[in-house]
There are 2 protein chains.
Amino acid sequence: MFDSRHLRVLREVARTGSYSAAARELGYTQPAISQQMRALERAAGTPLVVRVGRRMRLTEAGEVLNRHAATILSALASAEEEVAAIAGLRAGRVRVIAFPSGSSTLVPAAIAKVTRRHPGLRVEFAEAEPPESVERLREGDCDIALAFSYDGDDPDQDAEGAVADLAAVPLCADRLYAVLPAGHRLARRRRIRLADLAGERWIAGCPRCRGHLVQACAAVGFTPAITFSTDDVAVVQGLVAADLGVALLPGLALDSVHHSGVVARPVEPPSVRRITAYTLPDLAAVRSIAVTLDSLREVAAELPSRA
Amino acid sequence: MFDSRHLRVLREVARTGSYSAAARELGYTQPAISQQMRALERAAGTPLVVRVGRRMRLTEAGEVLNRHAATILSALASAEEEVAAIAGLRAGRVRVIAFPSGSSTLVPAAIAKVTRRHPGLRVEFAEAEPPESVERLREGDCDIALAFSYDGDDPDQDAEGAVADLAAVPLCADRLYAVLPAGHRLARRRRIRLADLAGERWIAGCPRCRGHLVQACAAVGFTPAITFSTDDVAVVQGLVAADLGVALLPGLALDSVHHSGVVARPVEPPSVRRITAYTLPDLAAVRSIAVTLDSLREVAAELPSRA
DNA sequence: AAATTTTACGAATGACGTAAGTATA
DNA sequence: TATACTTACGTCATTCGTAAAATTT
């Protein structure tokens with residue numbers, strides 16, 4: 001296997017017809033060129049240059065190798081350039097997966113920020129709910145997974161959402177609001193005690209997503225009567241506005257869609273979900289991914305609805 | 001500039017998803033692979049692999065570089081193969097320039113011998129008279145120049161035809177014959193004294209080629225009366241057969257064309273020309289050229305007409 | 001005599017393997 | 001516990017530059 005540096009030397013020797021000229025051109029000393037050519041000839045198993053008078057001329061094998069060297073060196077140059085573009089954030093792709101209510105606020109703002117700073121970066125995006133998004137991160141389907149969790153949700157994450165084998169970037173705490181019809185008897189209160197909603201009909205997420213609601217209600221002594229089940233925040237609010245029940249929604253969801261016929265009030269005891277961005281530990285060292293995480297963190301810090 | 005060995009390691013790591021598997025595959029130890037990958041990442045300026053669980057997966061930059069590596073490595077492999085073919089005499093071209101009377105006997109036989117032994121070699125051939133053929137050798141127009149010379153012809157060659165800055169392979173001594181019409185008064189003698197031909201009309205080569213004849217005659221005390229001038233041996237013999245003169249021809253020329261109406265007899269004092277193959281000193285180390293020189297030497301040794 | 005290549009040699013750098021340490025399933 | 005990657009370190013090979021010799025115009 002030929003050394004690419006040797007091929008570059010060969011090309012320069014072929015072009016200039018002289019070792020010393022090639023040395024000057026490439027920033028070596030003469031003897032270095034001489035030695036590199038000898039090494040190349042040893043590797044080739046045949047002379048590559050002949051000395052005629054005081055200039056150097058390529059043999060047939062030298063000419064052949066020089067032709068290939070052109071191909072090889074240009075492929076190497078374009079590889080170098082493309083990799084450098086990725087390392088220098090002039091190109092590259094970052095794949096983000098987020099849960100739906102993060103998608104409409106946090107993620108678009110972060111993507112906008114990243115691409116404003118680094119126009120060559122392409123940030124791809126897909127939606128998935130927390131357990132699935134982290135799975136897909138582990139499987140290599142994405143680079144960053146946005147997930148949310150409630151305290152005590154998952155035993156192997158700590159207070160900041162860190163998981164053993166993933167790098168976690170805590171973004172923000174997303175407060176939960178009681179969502180009531182505008183004309184509800186408690187609508188004028190600034191805060192609403194969850195226990196006061198014990199007798200209401202509830203609109204909740206799908207069975208997999210309603211865990212926190214059920215748990216929070218249980219903590220204050222009741223089981224919510226869930227009469228509608230939907231993960232669509234617009235639908236939830238439509239149902240509430242029609243006086244068909246009440247709901248518990250996170251601030252981010254209310255930022256993205258806020259029906260005029262409903263009011264949202266912080267609940268007591270206060271309840272929050274932690275929003276965390278995850279990536280693989282090694283991927284955090286990839287600059288394009290790091291800057292995307294930075295932008296997510298910045299956008300989250302500027303959110304109005306954080307707790 | 002990336003090291004091609006590193007690229008091969010990257011390819012193997014990408015294929016197997018494991019450093020140890022790549023190490024087994026390439027005949028290295030694990031740590032060697034680990035270090036090569038680190039060196040490659042340092043050169044790339046960005047991580048190329050991520051460790052997920054116990055397997056290694058390529059990053060975007062890794063994938064990009066791996067794609068280029070395929071191109072580069074295949075170009076390297078074909079360069080290696082083509083150069084090895086030349087070094088191994090399975091391919092290659094040897095350019096020979098010879099004087100005309102060498103062309104019809106020595107050279108064809110040598111070419112046949114070379115290509116029988118090494119069917120992949122292509123021996124090219126062109127004609128030129130001695131002073132020109134050596135010039136073209138120095139200019140890189142050919143690899144081997146066949147030339148002849150007479151003693152004392154050229155002060156900077158020694159008894160074997162060696163010239164200071166060229167590699168010389170003495171091939172054979174080519175005896176000169178007096179060529180007479182079959183009915184000539186001296187035709188029955190076994191040897192002919194040049195002095196006995198002092199009164200004849202002579203057929204000689206072109207002014208540039210007749211030097212030796214004039215000199216040899218002068219040495220025995222006469223100046224030949226040159227009435228016809230041609231470098232074509234067939235024409236020379238035709239003229240002799242028509243009793244228009246006598247000539248002095250080398251054995252090789254008579255081997256190629258022998259008119260039935262003439263007789264050829266060694267002259268006294270004996271006169272020979274030395275036939276020598278020249279090449280550039282460095283080119284003698286090129287195997288295809290060396291084997292061609294060998295074949296020329298062998299063919300010359302088998303010639304019937306050597307002195 | 002000026003320029004170029006080769007040879008010789010010493011210093012710095014780099015690469016590989018062994019062995020021990022850390023992490024994963 | 002077995003497999004795989006990383007780190008540490010000693011050794012060996014390679015590479016480069018300086019200096020001197022040989023060669024060419």
Side-chain angles (χ1 to χ4, degrees), chain A residues 1-10 12-43 47-59 62 135 138-139 156 163-167 280-283 285, chain B residues 1-10 12-43 47-59 62 138-140 156 163-167 280-283 285:
Chain A
M1 194 62 62
F2 298 116
D3 188 332
S4 51
R5 282 174 313 167
H6 294 172
L7 296 183
R8 207 162 39 162
V9 167
L10 176 68
E12 217 41 41
V13 168
R15 199 176 65 79
T16 63
S18 149
Y19 280 9
S20 28
R24 277 191 298 273
E25 209 66 34
L26 298 174
Y28 289 106
T29 58
Q30 273 161 3
I33 300 293
S34 189
Q35 289 180 70
Q36 293 207 35
M37 288 300 297
R38 276 173 60 140
L40 192 58
E41 288 184 322
R42 197 178 52 220
L48 299 174
V49 291
V50 292
R51 186 173 168 176
V52 43
R54 85 167 36 173
R55 54 187 320 105
M56 306 302 260
R57 190 192 299 147
L58 264 54
T59 63
E135 270 173 35
R138 286 206 180 84
E139 283 163 12
D156 34 289
V163 180
D165 61 341
L166 294 180
L280 298 177
D282 290 347
L283 283 183
Chain B
M1 195 62 61
F2 298 117
D3 187 333
S4 52
R5 283 173 313 169
H6 293 171
L7 296 182
R8 206 162 40 162
V9 167
L10 175 68
E12 214 45 38
V13 168
R15 200 176 63 81
T16 62
S18 149
Y19 280 10
S20 27
R24 278 191 297 275
E25 208 67 33
L26 298 174
Y28 288 106
T29 58
Q30 266 164 7
I33 299 294
S34 189
Q35 290 181 73
Q36 294 208 31
M37 289 300 296
R38 275 174 58 141
L40 192 58
E41 289 183 322
R42 197 179 51 219
L48 299 174
V49 291
V50 291
R51 188 171 166 177
V52 45
R54 84 165 38 172
R55 52 186 322 108
M56 306 301 260
R57 190 192 301 146
L58 263 54
T59 63
R138 285 205 180 84
E139 282 162 15
D156 34 290
V163 180
D165 63 339
L166 294 180
L280 298 177
D282 290 348
L283 283 182

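To find a chain, count down the sequence lines: A is the first, B the second, and so on, and within it residues start at 1.
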Contact class for Gln36(A) vs. all strands (heavy atom < 4.0 Å): base, sugar-phosphate, or nothing?
sugar-phosphate
Using a heavy-atom cut-off of 4.0 Å across all strands, would you classify Arg38(B) as base, sugar-phosphate, or nothing? sugar-phosphate
Between Gly27(A) and Ser20(B), the residue closer to the 5' end of DNA chain D by nearest nucleotide is Ser20(B)
Atom pair distance, as rounded to whole Å: [atom1] in [X] and [atom2] in [N]:
{"X": "Met56(A)", "N": "dT4(C)", "atom1": "CE", "atom2": "P", "value": "12 Å"}
{"X": "Arg5(A)", "N": "dG14(C)", "atom1": "CZ", "atom2": "P", "value": "10 Å"}
{"X": "Asp3(A)", "N": "dT13(C)", "atom1": "CG", "atom2": "P", "value": "19 Å"}
{"X": "Leu40(B)", "N": "dA15(C)", "atom1": "CG", "atom2": "C1'", "value": "15 Å"}
{"X": "Arg24(A)", "N": "dT5(C)", "atom1": "CZ", "atom2": "P", "value": "9 Å"}
{"X": "Arg54(A)", "N": "dT6(C)", "atom1": "CZ", "atom2": "C1'", "value": "15 Å"}
{"X": "Tyr28(B)", "N": "dT18(C)", "atom1": "OH", "atom2": "C1'", "value": "18 Å"}
{"X": "Tyr19(B)", "N": "dC16(C)", "atom1": "OH", "atom2": "C1'", "value": "16 Å"}

To check you understand the geometry: which heavy-atom pair defines the closest contact between [X] and [Y], and what is its length?
{"X": "Leu283(A)", "Y": "Thr59(B)", "answer": "CD2-CG2, 4.2 Å"}
{"X": "Ala39(B)", "Y": "His6(B)", "answer": "CB-CE1, 3.7 Å"}
{"X": "Met1(A)", "Y": "Ser4(B)", "answer": "CG-OG, 3.7 Å"}

Carefully, step by step, assess Leu40(B) and Val9(B) under the rule side-chain contact (heavy atoms from CB on, under 4.5 Å).
CA-CA 10 Å; Leu40(B) 192 58; Val9(B) 167; over 6 Å; no
- salt_bridge(Arg5(B), Asp3(A)) N-O dist < 4.0 Å: no
Check whether any side-chain heavy atom of Met37(A) sits under 4.5 Å from a side-chain heavy atom of Met56(A), and report yes or no.
no
Read 5' to 3' with Watson-Crick or G-U pairs under 3.5 Å, [ ] for crossing pairs and | for partners on another strand, DNA chain D gives |||||||||||||||||||||||||
In the 5' to 3' direction, the nucleotides of DNA chain D bounding the stretch that comes under 4.0 Å of a heavy atom in chain B are dA2(D) to dT7(D)
TODO: Return yes if a side-chain donor-acceptor contact under 3.5 Å exists between Thr16(A) and Ser18(A), otherwise no.
DONE: no
**Asked** Between Glu12(B) and Arg15(B), does a salt bridge (Lys or Arg N to Asp or Glu O under 4.0 Å) hold up when you go through it step by step?
**Response** CA-CA 5 Å; Glu12(B) 214 45 38; Arg15(B) 200 176 63 81; 2.5 Å; yes
DNA chain C nearest-nucleotide lookup for Pro31(B) and Ala39(B): closer to the 5′ end is Ala39(B)
Item to check | Any Thr29(B) side-chain N or O less than 4.0 Å from OP1/OP2 of dT18(C) | outcome: no
- Query: Within less than 4.0 Å of OP1 or OP2 of dT5(C), is there a side-chain N or O belonging to Ser34(A)?
  - Reply: no
task = Report the C-alpha distance between Glu41(A) and Arg38(A) in whole Å, list the side-chain angles of each, state the deciding distance to 0.1 Å, and finish with yes or no for salt bridge (Lys or Arg N to Asp or Glu O under 4.0 Å).
result = CA-CA 5 Å; Glu41(A) 288 184 322; Arg38(A) 276 173 60 140; over 6 Å; no
